[in-house]
Amino acid sequence: QVQLVESGGGLVQPGVSLRLSCAASGSIFSRNAMGWYRQAPGKERELVARIGSGGTTNYADSVRGRFTISRDNAKNTVYLRMNSLKPEDTAVYYCNADPRGMLYTPPGPYWGQGTQVTVSS
């Protein structure tokens, strides 16, 4: 069993930056692929960024070049640095853990509770 706790969301103006954190416990963190997904009102949950157990990364086209996913295995934490935020980035952001460890697979079975990011002037 893996427990995930997100933090760092909030209300920000367009163009600013924000960093989300996800602290994991309950498994060997370094073996998990970790991902950030988001769900906007009335829309399906979608991949934002994912990092494999080896450190390779994958991004949605809509965030590539603006967002950066990273992990600190010593702290059992994955981060999402979001730059140049846009109103369309508004969503609940969820952390996901996948014990398979690979990059290009559907999300794993473990989810955090989500953190709200609202981008508005």
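Values in this document were obtained by computation on a predicted structure and should not be read as measured data.
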Nearest 0.5 Å please: distance from the [atom1] atom of [X] over to the [atom2] atom of [Y].
X	Y	atom1	atom2	answer
S53	R31	OG	CZ	10.0 Å
L103	M34	CG	CE	13.5 Å
L20	F67	CG	CZ	8.5 Å
S62	L47	OG	CG	9.0 Å
N32	I51	CG	CD1	12.0 Å

If every non-hydrogen atom of [X] is compared with every non-hydrogen atom of [Y], which pair is closest and at what distance?
X	Y	answer
G52	A33	CA-CB, 4.1 Å
Y94	W111	CB-CE3, 3.8 Å
S17	L85	C-CD1, 4.2 Å
P109	P99	CD-CD, 3.8 Å

### Task
Answer yes or no: are there more than 12 heavy-atom neighbours, outside Q113 itself, under 6.0 Å from its atom CD?
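Enclosed.
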
### Task
Determine, using the 4.5 Å side-chain heavy-atom cutoff (strictly less than), whether L11 and V119 are members of one ILVMFWY cluster.
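Shared cluster, no.
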
### Message
Using the rule that Ile, Leu, Val, Met, Phe, Trp and Tyr join whenever any side-chain heavy atoms are under 4.5 Å apart, tell me whether V92 and V63 fall into a single cluster.
### Response
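No, no single cluster joins them.
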
With a 3.5 Å distance limit and no angle check, can you tell me whether [X] reaches the backbone of [Y] through a side-chain donor-acceptor pair?
X	Y	answer
R19	R81	no
Y59	I69	yes
T115	G9	yes
E6	C95	yes
D98	R100	yes

Using only heavy-atom distances, determine whether the side chains of [X] and [Y] contain a donor-acceptor pair under 3.5 Å.
X	Y	value
R50	Y37	yes
T77	D72	no
Y93	R38	yes
T90	E88	no
S25	Q3	yes

### Query
With a 4.5 Å limit on heavy-atom distance, are the side chains of C22 and V5 in contact?
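They are not in contact (no side-chain heavy atoms under 4.5 Å apart), so the answer is no.
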
### Message
I'd like to know whether V117 forms a side-chain contact (heavy atoms from CB on, under 4.5 Å) with M82, so could you lay out the CA-CA distance, the side-chain angles of the two residues, the decisive distance to 0.1 Å, and finally the verdict.
### Response
CA-CA 10 Å; V117 173; M82 305 184 292; 4.0 Å; yes

### Task
Output, in order, the C-alpha distance, side-chain angles, deciding distance and verdict of side-chain contact (heavy atoms from CB on, under 4.5 Å) for N58 and Y104.
CA-CA 8 Å; N58 180 39; Y104 297 102; 3.4 Å; yes

### Task
Could you pull out all residues at least two apart from N73 that satisfy side-chain hydrogen bond (donor to acceptor under 3.5 Å, both in side chains)?
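For N73 the side-chain hydrogen bond (donor to acceptor under 3.5 Å, both in side chains) partners, ignoring immediate neighbours, are R71.
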
### Query
Is a salt bridge present between D61 and R64, judged by a nitrogen-to-oxygen distance below 4.0 Å?
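Answer for the salt bridge query: yes.
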
### Query
Should L4 and V78 be marked as a side-chain contact (heavy atoms from CB on, under 4.5 Å) after you check the CA-CA gap, both sets of side-chain angles, and the distance that decides it?
CA-CA 10 Å; L4 303 171; V78 61; over 6 Å; no

### Task
Decide yes or no on side-chain contact (heavy atoms from CB on, under 4.5 Å) for K75 and F29, but give the supporting numbers first.
CA-CA 9 Å; K75 295 183 178 180; F29 176 79; over 6 Å; no

